Engineer: 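Here it is, the structure in full.
Fair warning: this is a prediction, and the values are worked out from it, not measured in the lab. Any value given below was found using the heavy atoms of this structure, including those in side chains, with hydrogens, waters and symmetry copies removed.
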Amino acid sequence: MAFEFDNRLSDSPLIKQIWYTQSDEMGEFVSTANIHSEIVITRRGQQTTVTVRGPETHATVVSAPPEGEFLGITFNLGVFMPQLLPRVLKNQQDVVLPSHNSHTFCLDHSQWEIPTFDNVDVFIERLINHKLLVCDPIISDVLRGHIPDLSVSALQYRFTRATGFSQKLIEQIQRADNAITLLQTGVSLADVAHEIGYYDQSHMTNAIKRFYGQTPSKFIKSNR
């Protein structure tokens with residue numbers, strides 16, 4: 001099952017992207033490993049749901065409902081909702097926020113208007129102002145090579161709280177993502193494995209199969 005996405009950047013530095021897509025009929029697709037949490041608004045007829053989704057440690061096959069519209073707010077790495085921590089939501093332990101109609105939902109004991117693709121930045125700003133969406137800046141600093149004045153256990157706690165993952169697993173998924181990006185430009189498997197820093201081509205293939213659900217060659221072929 002293939003989707004066509006309409007993506008755009010957000011006004012907020014806490015948000016990686018805002019996306020929109022539709023499904024015409026019911027089908028299955030591979031949900032790849034993902035280090036980002038997000039909020040997804042799903043509209044089907046008169047029914048609208050607001051779901052908070054966590055990161056994923058491996059690829060899984062999931063189903064998409066027919067005749068649905070989906071609006072997504074993808075958080076930057078290290079951005080999370082304190083009341084719904086990524087480690088609790090990890091691997092499809094999604095939380096559907098209660099709603100009373102197709103226009104509002106409940107969060108933090110208050111009624112919130114369900115955002116649209118056009119006004120979603122206002123919704124994001126409200127989340128930040130109410131401290132329902134926060135950022136731990138140490139995550140991106142560490143991944144850029146900065147060494148914080150923290151113990152190993154304290155740093156691990158910060159990573160787990162803000163991302164749901166260990167630093168090592170995040171780096172493994174990012175490396176697989178970088179390998180896929182290079183492979184899509186036509187670079188050979190052997191050259192990508194060497195450039196990205198895998199032990200060998202087999203090591204890279206196993207990593208991509210874990211995080212993307214397919215071998216590198218099959219993934220590239222199916223996504224052309």
Engineer: Tell me, yes or no, whether the heavy-atom count around Glu69 atom CD, taken from other residues, nucleotides or ligands under 6.0 Å, exceeds 12.
Structural biologist: yes
Engineer: Strictly distance-based, threshold 3.5 Å: is any side-chain N or O of Asn119 a donor or acceptor partner for the main-chain N or O of Pro115?
Structural biologist: no
Engineer: Kindly give the heavy-atom pair with the smallest separation between Ser37 and Pro55, and that separation in Å.
Structural biologist: OG-CD, 3.6 Å
Engineer: Is the charged tip of Arg8 near the ring of Phe117: under 6.0 Å from the six-membered ring centre and within 45° of its axis?
Structural biologist: yes
Engineer: For Glu67, I'd like to know if atom CD has over 12 heavy atoms of other residues, nucleotides or ligands within 6.0 Å.
Structural biologist: no
Engineer: Is atom NE2 of His103 surrounded by more than 12 heavy atoms (other residues, nucleotides or ligands) closer than 6.0 Å?
Structural biologist: no
Engineer: Quick check: closest heavy atoms across Asp121 and Ser12, and the distance to 0.1 Å?
Structural biologist: OD1-N, 4.3 Å
Engineer: Is the NZ or CZ atom of Arg161 positioned over Phe80's six-membered ring, under 6.0 angstrom from the centre and within 45° of the axis?
Structural biologist: no
Engineer: Determine whether a donor-acceptor pair (N or O, by modelled atom type, separation under 3.5 Å) exists between the side chain of Thr21 and the backbone of Glu4.
Structural biologist: yes
Engineer: Which heavy atom of Pro82 sits nearest to which heavy atom of Leu133, and what is that distance?
Structural biologist: CD-N, 4.4 Å
Engineer: Could you check whether any side-chain N or O of Lys16 sits under 3.5 Å from a backbone N or O of Phe75, counting only pairs where one atom can act as donor and the other as acceptor?
Structural biologist: no
Engineer: Closest heavy-atom contact between Ile73 and Trp19?
Structural biologist: N-NE1, 4.3 Å
Engineer: Is the number of heavy atoms from other residues, nucleotides or ligands under 6.0 Å of Gln167 CD greater than 12?
Structural biologist: yes
Engineer: Does CZ belonging to Phe5 count more than 12 external heavy atoms closer than 6.0 Å?
Structural biologist: yes
Engineer: Is there a donor-acceptor contact under 3.5 Å linking the side chains of Tyr20 and Asn7?
Structural biologist: no
Engineer: Trp112 ring centre to Arg126 NZ or CZ under 6.0 Å, with the angle to the axis within 45°?
Structural biologist: yes
Engineer: Between Gly213 and Val30, which heavy-atom pair has the shortest distance, and what is it?
Structural biologist: CA-CG1, 4.4 Å
Engineer: Counting heavy atoms not belonging to Gln174, are there more than 12 under 6.0 Å from its CD?
Structural biologist: yes
Engineer: Taking all atoms of both residues into account, what is the closest heavy-atom pair of Ile39 and Val50, and its distance?
Structural biologist: CG2-CG1, 3.9 Å
